[in-house]
Amino acid sequence: MSSSLKEPSALFYQSKAVKRGIIFSYWTLILLAVPLWWHTTSIQRLSLPESRINSRAQEHLELPVSLCVADVEIKSSLQSFLDAKARDDSGHWWGVKSRVYSRNDCPTTSSYLVRDSQTTIVRRNEIHLPLSNFPDAFETLANLINPPLKTNHNNRVVQYSRQYRLAFTLLNEDASAGSSVSNWDVRAGLVSRIQPILHKLEPLHNFTIESQVQFNGRLAFQPQENSDGSYGVTPEDLTVFINSAEWSLSSSVSNDPVLHFVLFIPSALRRPLHILSPDGQISRSRSFLLPQWGGIVIYNPPTDDTGKNTNLPSETNEQIFKEFSKELLSLLGVPMLPNGVKRHISEAANLSDWQIDALMRRRTAENVKNTQETLTSIVKLVNQIDNMPVKEDVRDDVQGALEALEQSHSARSLGEAFRYSAQATTLSSRAFFNPGMLALLYFPAEHKYAVYTPLFASAVIPLLIAALKEIVAWKKERRASVKDSSSTTDSNP
Amino acid sequence: MRLILFLHLLGILYTTWALNAQPVNDFFERNAAPGASKHTNNWAVLVCASRYWFNYRHMANALGMYRTVKRLGIPDSNIILMLADDVSCNMRNKFPGSVYANPGRHLDLYGDNIEVDYRGYEVTVENFIRLLTGRVDPSVPRSKRLLTDENSNVFVYMTGHGGNEFLKFQDNEEISAFDIADAFEQMYQKKRYNEIFFMIDTCQANTMYTKFYSPNILATGSSLLGENSYSYANDNDLGVAVIDAYTHYVLQYMEGINKTSQLTMQDLFNTYDPAKINSHPGVRSDLFQRPLNTALITDFFGGVSQVEVASPDDSEDDEQDFVSLW
């Protein structure tokens with residue numbers, strides 16, 4: 001029996017050196033792992049070019065508008081008029097810097113020629129207007145350069161996007177009631193009315209188009225019956241006209257913003273259907289606009305006794321698409337020409353370069369402002385939320401946005417400034433929405449203790465006790481050996 | 001003399017034109033009444049954070065809200081419905097494919113037209129925060145994104161089991177009041193909302209909105225700190241509680257509201273009755289910049305509120321714009 005039970009100190013792993021070696025290696029491993037643990041649990045927060053962002057965010061964009069006039073007197077009076085305009089409404093004129101030149105030192109690129117004439121006509125980069133008609137002509141010119149925002153319509157315009165989807169729908173309320181419109185010539189309408197606009201807007205946006213015909217699109221409300229037997233939609237009902245629960249007006253194939261255009265054909269049982277004004281009178285208008293969403297046109301086809309379905313007559317088709325084109329223009333924020341300004345006959349598409357330029361200036365200013373705000377927001381949020389990671393891709397996008405912003409400021413032409421501003425806003429948004437920027441969830445300190453204590457205490461306490469024991473034993477040994485050695489010296493003098 | 005006559009004529013013409021334009025302008029001005037919301041689109045994020053059959057009532061809460069906002073005109077494309085567990089398809093559901101919110105089972109909330117955007121295990125704290133902040137993977141489809149902008153009014157409804165400053169997600173993780181507050185701040189910084197209406201039905205719900213610090217947020221919850229939110233009623237055939245009391249009374253009030261209702265948030269909050277609900281609902285409006293009696297219920301529960309009627313003059317031929325001179 002006794003031979004099988006060895007003396008503990010005789011076991012090889014109970015030998016002092018091995019035991020201490022084991023404990024020591026555990027501790028080395030733990031201590032070596034600490035930096036690794038620290039590294040893997042810390043959040044990577046690269047520094048952002050804060051000072052550069054702050055200085056860029058304060059910067060004023062100056063998109064030059066060069067106007068060339070022949071008369072020197074007019075030159076100075078026009079310049080002071082435009083300066084006063086910009087001073088009086090600095091918010092609206094933000095980013096636009098008008099300068100008037102005399103004909104001789106007119107810049108060769110992207111300048112506008114202002115000529116004296118009896119009627120007001122624009123053609124390409126020229127304008128003919130009666131300059132002698134002092135404040136009015138100048139006012140017209142100012143409105144042409146920077147069209148005033150209508151207070152009621154300021155949120156009608158969709159937010160800038162490089163890509164839009166246009167969804168055209170011919171929607172019969174109830175084709176089963178007969179006399180419905182079974183088809184339309186969408187191609188012809190697009191070619192004659194929509195394409196020329198899209199072509200003109202090419203520098204600003206790309207478009208994809210989809211169209212459909214639907215035969216059952218019930219209204220979610222009951223139109224009111226008028227005294228003359230016709231039906232009416234009150235202004236309140238107009239706000240709920242779109243029955244979004246049941247009508248599917250666009251496909252959801254992409255994340256591009258969609259602009260909807262709906263031709264609504266009322267059921268044969270409820271025709272004609274009119275839009276009512278707030279006082280209950282039948283409005284002459286047959287179309288309306290939902291801001292940032294799209295436009296709706298109501299068309300009442302003649303009711304046929306036989307209930308035969310028809311195709312949309314080509315003339316009506318043309319008119320409908322003309323209304324769609326107007327709605328498209330106002331949704332995209334294309335400014336109208338000021339009252340009294342006419343286009344020259346040679347301008348094939350019904351948009352003048354002045355309109356496109358004004359839109360481009362506004363979009364550039366918007367994009368620049370948007371980028372400035374987004375970049376400052378990123379800096380602010382990163383400083384405010386401690387555990388929000390900032391990785392290389394975010395930093396690169398921020399830097400890219402800053403560079404594009406700087407290039408937009410120093411661009412030579414309006415088109416270039418616009419392109420860089422669009423790039424800046426895309427990059428800054430991408431940086432803001434970077435999926436890696438998701439902050440860690442909030443954990444109060446007591447949660448951390450509650451999580452870490454059961455995990456680490458059970459592992460660390462035995463190690464700690466073993467180490468302490470060994471240290472105590474080692475100290476004791478040392479003291480003993482010192483005593484031993486002193487006694488030996490005593491015995492051997 | 002002729003010139004004067006001509007000017008008179010012009011004046012008369014202008015007056016007629018101005019008179020014609022009057023109704024349209026009136027219409028716009030009425031819509032732009034002081035205190036009116038200036039949003040152009042509405043979004044709803046409805047979250048049921050708990051799973052398992054016995055939490056039937058939380059699914060019913062979220063679906064009840066879903067039905068209401070849809071009825072009041074928010075399109076499905078603008079509703080993000082997060083439903084952790086699908087009780088309608090649960091083995092223990094005696095009425096498969098249906099979810100009811102009242103003991104008599106009068107109204108099937110599941111119906112035939114339900115679009116659940118995040119379901120089952122997709123309902124996580126991370127996905128919820130990603131949804132709000134817009135920090136989603138580029139491959140995430142449109143239906144799972146909150147594509148809001150500075151003109152959007154967002155209604156956020158949450159329900160589940162919670163406690164002091166937290167809400168449990170699927171018995172697995174928690175979202176804290178700080179996380180939601182930070183997410184809203186990030187939305188504010190990127191101009192992802194015009195106004196937010198935050199509603200939460202959970203135990204100690206009112207603690208969940210105490211940490212908000214971004215402007216234009218109106219918040220309401222079902223119960224005070226240290227107070228439970230209770231269920232409303234059981235259905236004996238289903239064998240579980242079918243809806244929570246707070247949500248039940250809110251939904252009951254909503255049934256009386258239609259798309260063109262002029263009732264306000266103040267009217268809704270006035271109907272809170274602690275005796276019936278069995279807890280003390282709270283409202284936080286210090287971040288909200290409009291008086292509650294001008295904030296329409298449909299500003300958050302309904303579809304868009306603005307329409308512009310084209311002026312009839314627009315439809316006249318514009319060929320006259322083209323003038324030959326050269």
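Here is the naming used below: chain letters follow the sequence lines, and residue numbers restart at 1 for every chain.
- In this structure, B/Lys144 is positioned above the aromatic face of B/Tyr118, its NZ or CZ under 6.0 Å from the six-membered ring centre and within 45° of the axis.
- Interface remark: of the candidates A/Ser429, A/Gly295, A/Gly436, A/Ser429 forms the most heavy-atom pairs closer than 4.5 Å to chain B.
- When side chains are defined from C-beta on, A/Tyr299 does not count as touching A/Gln319, because their heavy atoms never get closer than 4.5 Å.
- Within 6.0 Å of CZ on A/Arg430 lie no more than 12 heavy atoms contributed by other residues, nucleotides or ligands.
- Among the candidates A/Asn370, A/Asp256, A/Ile378, the residue making the largest number of heavy-atom pairs closer than 4.5 Å to chain B is A/Asp256.
- Ranked by heavy-atom pairs under 4.5 Å with chain A, the first of B/Lys259, B/Glu126, B/Lys190 is B/Lys190.
- For B/Arg145, the part sitting under 4.5 Å from any heavy atom of chain A is the side chain, from C-beta outward, and nothing else.
- Using a 4.5 Å cut-off between heavy atoms, A/Gln384 contacts chain B through its side chain alone, with no backbone atom that close.
- The aromatic rings of B/Phe301 and B/Phe155 sit tilted relative to each other, their planes meeting at an angle between 30° and 60°.
- Contact of B/Glu165 with chain A is not made at all, since no heavy-atom distance falls under 4.5 Å.
- Comparing B/Asp137, B/Val136, B/Val140, B/Ile74 by heavy-atom pairs within less than 4.5 Å of chain A, the highest count is held by B/Val136.
- Only the side chain of B/Val125 comes within contact range of chain A, with heavy atoms under 4.5 Å apart.
- Annotation: maximal heavy-atom pairing with chain A below 4.5 Å, among B/Ile79, B/Thr133, B/Asp76, occurs at B/Thr133.
- Applying the 6.0 Å contact sphere to OH of B/Tyr188 captures no more than 12 heavy atoms from other residues, nucleotides or ligands.
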Could you go through the side chain to side chain donor-acceptor pair (under 3.5 Å) check for A/Ser377 and B/Gln189 one step at a time?
-> CA-CA 6 Å; A/Ser377 297; B/Gln189 289 287 344; 3.0 Å; yes

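- Side-chain rings of B/Phe212 and B/Phe184 approach one another, their centers coming within less than 6.0 Å.
- Inter-residue side-chain proximity for A/Ile242 and A/Leu290 is flagged as met; some heavy-atom pair is nearer than 4.5 Å.
- Using a 4.5 Å cut-off between heavy atoms, B/Ser176 contacts chain A through its side chain alone, with no backbone atom that close.
- Between chain A and the options B/Glu173, B/Arg71, B/Lys191, heavy-atom pairs under 4.5 Å are most frequent for B/Lys191.
- The residue among A/Leu438, A/Leu381, A/Thr374 with the most heavy atom pairs within less than 4.5 Å of chain B is A/Leu438.
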